[in-house]
Every structure is written in structure tokens, then in C-alpha cells.
Asker: 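What follows is a structure written as C-alpha cells; I'll ask about it next.
Ligands are counted one by one from 1 in listed order, and the atoms in each one are counted from 1 as well. Side-chain atoms are counted along with the backbone in the values below, which use heavy atoms only and exclude waters and symmetry mates.
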Amino acid sequence: MSRIDDLISTMTLDEKIGQLIMISLGADTIVTGPKAAADPSVADVRAGRCGSVLNLVGRDRIHALQKLAIEETRLGIPLIFGLDVIHGYHTAFPVPLGETAAFRPDVWRESARIAAEEAADDGLHLTFAPMLDLARDPRWGRIIEGPGEDPHVGRMLARAKVEGFQSADLARRDAIAATAKHFVAYGACTAGRDYAAVDISERMLHEAYLPAFEAAVRAGTLAIMPAFIDIAGRPLSGDKGFLTDLVRTKWGWEGIYVSDYDAIGELIAHGVAADFAEAAALALKAGMDIDMQSRAYPEGLKPALERGLIAMDDIDAAVRRVLAAKERLGLFDDPYGRGSVAGGAARPLAARRAAARDAAVVSMVLAKNDGLLPLAKSGGPIALIGHASVKDDEALGSWFALGDMNPITGLADGIRAAFPDRDVIVERGCDLALDGPSPESDDADIARAVEAAKKAEVVLLAIGEPALLTGEAASRTRIRLTGRQEELARAVLATGKPVVLLLGCGRPLTETWLYDAVGAVLITWYLGSEAGAAIGDVVSGARSPSGRLPVSWPRHVGQIPIFYNERPSGRPWAPGEHFTTRWVDSPNTPLWPFGHGLSYTSFEISAPRAPATFRPGESLTVEVDVADVGDRDGATTVFLFLRDRVASTTRPIMELKRFETVDLAVGERRTLRLTLEPEDFFCLGPDMVARAEPGVFDLLVGESADREKLKGIAVTLLDEAAVA
Ligand code: GLC
């Protein structure tokens with residue numbers, strides 16, 4: 001009999017239920033959900049009423065609680081300690097949407113690896129990341145946490161993050177378990193309103209929202225967190241079709257489900273359970289293993305058993321999976337391993353900060369540049385104006401782990417360091433009011449900022465969206481500047497001085513007037529611990545920007561949802577045509593397309609080359625030449641899109657299938673070889689079965705999803721019958 005079967009055979013019902021409960025024990029510093037009815041406590045651990053803990057940080061506190069669980073409970077089963085280590089632990093990296101803009105899987109993997117080293121050093125075992133929710137509606141605040149709008153990017157990010165967090169051996173003392181979240185399609189919530197119901201087609205679910213999670217499963221994610229929402233009336237936290245039939249049975253996944261915060265109890269609010277017993281039964285039979293911070297499992301599992309809603313086997317199956325996860329984490333053999341490595345398992349701090357700085361540089365997107373950037377190393381004064389110039393911790397964005405964060409290199413310090421021979425005048429201009437004019441930022445602030453602009457040769461205007469207005473429970477109907485920032489921007493622009501906009505945001509902001517009025521727009525997202533240094537690197541030209549937009553940037557909120565890979569419509573837009581799909585008061589196109597981003601140099605990309613025909617089951621290698629034809633080194637991302645011209649269902653006007661970011665020296669020319677596998681040509685037929693349908697496909701390559709700038713060739717997938 002295995003250690004786990006042996007253990008289960010000795011466990012009482014209370015001890016079994018305890019293993020299925022995760023409680024938040026760091027609530028004094030970290031609150032990530034609604035207030036619980038009864039605050040959990042260490043007594044719950046001592047009584048064996050929980051098997052895992054979230055939100056507790058600090059090596060000594062974690063060690064002490066683990067020691068209590070092992071020495072003061074009857075069976076001494078170690079706890080799992082989890083936390084939202086979303087974009088760094090002690091060293092903060094760019095927020096996920098920003099880091100996605102790097103289009104560099106090696107950077108995505110490395111930042112997760114470093115975060116894992118730091119978190120494991122504190123004794124943590126599991127992170128509630130990566131967040132893999134596709135988002136095509138920037139009214140939804142959680143767009144900041146995910147991979148943007150494209151399924152292929154989501155797949156690549158999922159793989160890189162799971163590999164980075166977990167490494168090749170999850171029992172390593174510097175590895176932490178990944179949690180692919182929030183399964184699934186949470187980003188399609190009605191009107192971008194967080195937690196609202198989702199109603200999408202099964203086809204869209206399979207084509208757009210599931211791929212990233214299947215990639216996380218293939219990469220071996222230990223945990224998955226179902227989303228709060230329901231899809232077409234099926235709340236994920238209690239749905240066997242999704243959790244067991246699809247993921248466990250069809251995909252063959254053997255990990256553990258950790259519910260979202262209070263999500264099982266919320267099945268009552270969803271209206272699919274009358275009480276905690278029914279909610280607990282629904283979730284357990286769906287395949288949900290751990291109840292995070294709800295009362296359903298603690299108060300509902302026993303009555304559910306007594307009422308015959310569940311059987312002991314259902315409980316044992318979940319307990320077995322949780323204990324197997326603890327075994328995979330090495331907790332039975334080495335329960336104090338994480339947090340015990342002398343000097344820590346993490347690499348030297350300087351190396352971590354250098355990695356954070358590099359990730360920040362390659363995440364920035366230069367959306368517009370009329371030649372203003374880079375600024376010269378010498379010259380007249382630079383006016384650095386805006387909240388981000390004085391509020392350094394804005395650079396952490398949302399969902400930064402609450403470990404003791406390493407110091408942040410602020411924007412003012414970063415700019416001063418990048419321009420040692422130029423006078424830098426810093427003015428906050430106005431406060432970061434969350435809504436409406438802020439009483440604190442009186443006219444004097446703006447007047448001082450205007451005076452600074454008048455004295456300056458050039459203005460760096462560092463404004464945007466308050467980090468507090470991004471992330472969870474932060475949906476907005478107007479995705480605009482807040483407080484008196486617009487007033488500040490207009491006053492600074494009125495001085496006539498050249499202005500570079502440094503836009504801090506976690507989602508597209510529809511300030512088209514501002515982007516038109518300034519000379520350059522550098523999207524700086526929230527870049528983390530080395531934000532100031534990285535922005536100094538790019539503004540001074542020490543590094544060339546290379547980030548690309550992972551989301552389409554709407555001109556105004558009326559265009560939302562907006563994404564590049566739409567289906568064509570029977571009346572596709574055509575210039576001058578009345579009866580075509582369009583608005584009468586706006587172009588169909590975004591202000592900036594998916595993949596948009598400028599460099600300080602320029603590149604030439606050839607048309608793709610590939611065999612004109614290929615057979616079913618064969619892969620297809622596509623060659624593309626890319627050259628740096630500008631006057632300095634730089635990096636560009638080459639996108640390869642596919643267009644299935646005729647199929648048994650309507651196909652998106654183009655679908656991203658590969659991307660590659662290359663660093664090139666001046667004059668350097670390189671040939672990329674991108675190999676498409678047979679499944680890249682599959683489409684879901686009317687019967688929802690994925691298959692390759694013979695016919696003509698367009699291969700389109702370019703530096704963004706701007707259809708006008710893509711170069712393409714046609715290739716033909718031969719008909720099997722014809723080939724025979
Ligand atoms: C929150 C979030 C989830 C997070 C969890 C634990 O409500 O939805 O992303 O991991 O609770 O903090």
C-alpha cells in the first residue's frame with residue numbers, strides 16, 4: 001500500500017475534510033477577497049481543520065506554522081503555503097500584460113524562475129499564477145494580469161510560466177507549484193464587469209479561451225484555479241463537465257483544483273445550491289479538491305455526506321489528490337526544505353535586479369515617436385512631470401506579492417541617472433485622484449508643473465492610470481486618465497514644449513487626443529523594481545524599445561470588444577461601401593493594432609517562403625528574412641499569421657500561429673525558420689471536431705496585425721484522396 005493510501009486509511013473524517021480546506025492566515029497584511037464570516041486562525045491548523053494556507057509571508061512565520069502542523073497535529077501532515085506571486089516576490093517584474101508585450105518566452109520563464117527562488121526562500125510552495133485569461137475587453141481590470149487577446153500568446157506564456165515556476169523537478173527547494181487560473185473564459189465577463197456572467201459559444205471557448213489552459217496542463221501545472229464565473233449557466237466551481245470530463249479525463253491532467261477565494265460558497269449566490277451542503281457536494285463531485293476560504297467544505301461536507309449527496313469515496317479521491325500534490329512538492333520528505341537553504345536559494349540580488357531591469361526594458365512599447373526619442377545625453381533641462389515621477393511604488397502595479405519588496409528604482413532617480421549632464425526638474429503636477437478632481441492637488445501643483453515645462457527643453461509627462469484602479473474588482477466604464485491629469489496634460493501642452501508621454505497603465509486607455517498631441521508615446525505599464533532605471537535606459541537611447549502590444553488599442557470604449565482575429569462577416573468592411581460591417585462614427589480599426597510597437601531602428605521583413613503544397617499530416621517550414629536596416633542595433637518581433645480561406649465553418653480573418661523576437665545588429669540579416677505543425681491548420685468543424693480541411697491557406701508575416709503591412713503567400717493543403 002502506498003504511503004498515501006496508508007495515511008488515508010488512518011484518517012478520521014475531520015482530518016480528511018481538513019486537507020481539503022485552505023485558509024487565509026495573512027489577513028492582517030494581505031486581503032484578497034471578501035471578509036470571512038469567522039476569521040481563520042492558528043487554532044484551525046492545530047485542530048487539523050486546514051491542509052493549506054494562503055497569504056502568510058515571512059520565513060519565520062511560515063516555518064513556525066509548518067512546525068505546529070507537523071508536531072502538534074495527530075498525523076503531522078505538512079501544510080501547503082500559497083500566495084499570489086504574480087510578477088515577482090521580493091523583486092518586482094513588469095505586470096503580466098506588460099511583460100507579455102516583450103514577446104520573449106525566455107524572459108517570461110526567467111522572471112517566473114526568479115520569483116520562485118525568492119518565494120521558496122520564504123518557505124512558500126505554490127503561487128496562484130500564471131493567470132491565463134484571454135482578455136478582449138479592457139474595461140475589465142484584470143486584463144492587466146493576463147496574456148492579452150491572443151490564444152497562441154496565451155499558450156506560449158502558459159508553458160513558459162509553468163516551466164519557470166516549477167522547474168523540471170517540483171520537489172526542488174527553489175521550485176514552487178504553478179496554478180493556472182482562472183479556468184476558464186473569465187475575461188469574457190459581460191460588459192467587462194468583473195465577476196459577471198459569461199455567455200460565449202462553445203466554438204469560441206475551444207478556439208480562444210481553452211488553449212492556454214491546455215498548454216499549462218501539457219507543461220505539468222500542479223494546480224488549476226477555476227474561475228468565479230459561470231459559462232452559459234454553468235458555474236466553473238461546480239461543473240464536472242469542465243473540471244473532470246474535459247481537463248482530467250480528456251486532457252489527462254492529474255493535479256489539484258484550488259477554488260478561487262470563497263468561490264464554492266458562492267455557488268449559493270449563483271443559484272445552483274441552496275446551502276453549503278449542496279454547494280460542497282456540487283464542487284466535490286465536479287472534481288474540486290481544495291476550498292479556499294469559503295464555508296462550504298468546512299460546514300457543508302459532513303451534512304452532504306449525511307444527506308447522501310456525496311460518498312466517502314468522493315472525499316477520499318480528493319484527499320488522495322491533495323496528498324499526492326504534497327508528495328510531488330517533496331513535503332513529506334523535506335517539509336522544511338523551502339526556506340532552509342543557507343543564504344537562500346535565490347541568485348544574488350544584483351542578478352535578480354538586472355533581470356528585472358532587462359524585462360522592464362523589453363516590455364515597454366514605443367507606440368508613437370515623431371523623432372523626439374531618444375533624448376540627447378546633453379542639452380537643456382528636462383521637466384519630469386506627473387504622479388509616477390514622485391510615487392515610486394506605482395511601478396509595482398497591482399497584485400504585487402506582499403513579501404518585503406526590494407527597493408524600487410524610481411522614475412526621477414532613473415531619469416537623473418540616465419542624464420547626469422542635464423538638469424532634471426521634477427514636479428508631480430497633480431495627485432493620483434481615483435475619481436474626480438483631488439482636493440490635494442490644488443492649482444498650485446499644476447501651475448508649478450507648467451512653470452517647470454516653460455523652463456525645460458523637453459517634457460517627460462509621466463501620467464496614466466492609478467495602479468489601484470487596475471486588477472481585480474476594478475472594471476471601468478471609461479478607460480481614461482483620472483483626477484486632474486487631463487487638465488495637467490493640456491496645461492503642459494499649452495506651453496508648446498515638446499512632450500514625451502510616459503504612460504503608466506494596466507490596460508489600453510482611450511486618450512487619442514493626447515496621443516495625437518504629444519511627440520512620443522512610450523507605454524510603460526507598471527515595470528516593477530527597476531522601472532526608473534529601465535525607462536531611463538530607453539528614453540536616453542541606451543536601449544532601443546522593442547515591446548509590442550499584446551492587445552488591440554481601441555480609439556474609444558465604443559469599439560469594445562476589439563481584437564484582431566475576428567471572423568470575416570458576410571459583408572466585410574470595404575472603403576466607401578455603405579452596406580458593410582462598420583460604425584458610422586468610427587473606423588473599425590484600433591488606434592494601434594495587436595503587435596504594434598516601434599523601435600529606434602527599422603527592419604525589413606521579406607515575404608514568407610514555403611512549399612506551395614503540403615500533404616495532410618506533414619509539417620510546413622516557413623522561411624522569413626529579417627534585417628536591421630536602420631542605424632542602430634535593435635530587436636523586432638516577426639509574427640506569422642494564418643488565414644484559412646475556405647472551410648466548413650467561418651474562420652478568423654487571421655490567426656497568430658508563431659512569433660519570434662530577434663535581436664539584430666545594424667545591417668544584420670537573419671533567416672527565421674518557423675515550423676507549422678499539422679494541428680496548426682486544424683479547424684473545428686460544425687460537429688466541433690478538429691480536423692485539417694484541404695484547401696488554400698494564406699501565410700502572412702509582419703511586425704503587427706496591421707493587415708495592410710503584412711506580406712503573404714498562399715499554400716495548399718492537398719486533399720488526402722487526391723494525394724492517394
Ligand atoms: C482572488 C483572485 C485570485 C487569487 C485569489 C487568492 O479573489 O480571484 O486570482 O489568486 O483570490 O488571493
Asker: Report yes or no: does Met225 have a heavy atom closer than 4.0 Å to ligand 1?
Answerer: yes

Asker: Where's the contact between Thr179 and ligand 1, heavy-atom distance under 4.0 Å: side chain, backbone, both or neither?
Answerer: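 None of Thr179 does.
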
Asker: Are a donor atom and an acceptor atom from the side chains of Asn406 and His90 found within less than 3.5 Å of each other?
Answerer: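 Side chains of Asn406 and His90: no pair found under 3.5 Å.
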
Asker: Which atoms from ligand 1 have a heavy atom of Phe228 less than 4.0 Å away?
Answerer: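 Result: 7 (O), 8 (O).
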
Asker: Quick one: does ligand 1 sit under 4.0 Å from the side chain of Arg142, the backbone, both or neither, non-hydrogen atoms only?
Answerer: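 The answer is the side chain of Arg142.
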
Asker: Side chain or backbone of Glu145 under 4.0 Å from ligand 1, or both, or neither, by non-hydrogen atoms?
Answerer: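 Looking at Glu145 and ligand 1, no heavy atom falls under 4.0 Å.
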
Asker: Is the centre of the His87 ring less than 6.0 Å from the centre of the Phe93 ring?
Answerer: no

Asker: Give yes or no for whether the N/O distance cutoff of 3.5 Å, strictly under, is met between Asn55 and ligand 1.
Answerer: no

Asker: Among Arg347, Arg352, Arg173, Arg338, which residue satisfies the salt bridge (Lys or Arg N to Asp or Glu O under 4.0 Å) criterion with Glu117?
Answerer: Arg347

Asker: With a cut-off of 4.0 Å, which atoms of ligand 1 are near a heavy atom of Tyr261?
Answerer: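 Every atom of ligand 1 under 4.0 Å from some heavy atom of Tyr261: 7 (O), 11 (O).
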
Asker: Pairing donors with acceptors under 3.5 angstrom, does anything connect the side chains of Glu266 and Ser237?
Answerer: no

Asker: Quick one: does Ser111's side chain have a donor or acceptor within less than 3.5 Å of a partner on Trp108's backbone?
Answerer: yes

Asker: Show the nearest heavy-atom pair for residues Asp84 and Thr127, with the distance to one decimal.
Answerer: C-OG1, 4.1 Å

Asker: Can you list the ligand 1 atoms lying under 4.0 Å from a non-hydrogen atom of Lys181?
Answerer: 3 (C), 4 (C), 9 (O), 10 (O)

Asker: Is there a polar contact, in the sense of an N or O pair closer than 3.5 Å, between Tyr186 and ligand 1?
Answerer: no

Asker: Taking 4.0 angstrom as the limit and counting only heavy atoms of His182, give me the atoms of ligand 1 inside it, by number and element.
Answerer: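 Checking each atom against His182, I get 3 (C), 8 (O), 9 (O).
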
Asker: Using a 4.0 Å heavy-atom threshold (strictly under), name the region of Met131 that reaches ligand 1: side chain, backbone, both or neither.
Answerer: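 Within the 4.0 Å criterion, Met131 makes no contact with ligand 1.
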
Asker: Ring-plane angle category for His125 and Phe81, please: parallel below 30°, perpendicular beyond 60°, tilted otherwise.
Answerer: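 Geometry flag for Phe81 against His125: tilted rings.
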
Asker: Here's one to test your reading of the geometry: is the NZ or CZ of Arg295 within 45 degrees of the ring axis of Phe276 and under 6.0 Å from its centre?
Answerer: no

Asker: Tyr186 pairs by side-chain contact (heavy atoms from CB on, under 4.5 Å) with which of Asp194, Leu134, Ile231, Val198?
Answerer: Asp194

Asker: To the nearest 0.1 Å, how far is atom 6 (C) of ligand 1 from its closest protein heavy atom, and which atom is that?
Answerer: Asp84 OD2, 3.4 Å

Asker: Does either side chain, that of Thr91 or that of Glu118, offer a donor lying less than 3.5 Å from an acceptor on the other one?
Answerer: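 Yes - a donor-acceptor pair under 3.5 Å links their side chains.
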
Asker: So which protein heavy atom does atom 11 (O) of ligand 1 come closest to, and at what separation?
Answerer: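 Its nearest protein heavy-atom neighbour is Asp260 OD1, 3.1 Å.
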
Asker: Distance under 4.0 Å to a non-hydrogen atom of Leu54: what atoms of ligand 1 satisfy this?
Answerer: 6 (C), 12 (O)

Asker: Would you mind running through ligand 1 and noting each atom that sits below 4.0 Å from a heavy atom of Met292?
Answerer: 6 (C)

Asker: Taking only heavy atoms of Phe128, which atoms of ligand 1 are found under 4.0 Å from at least one of them?
Answerer: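 Numbered from 1, ligand 1 contributes 10 (O).
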
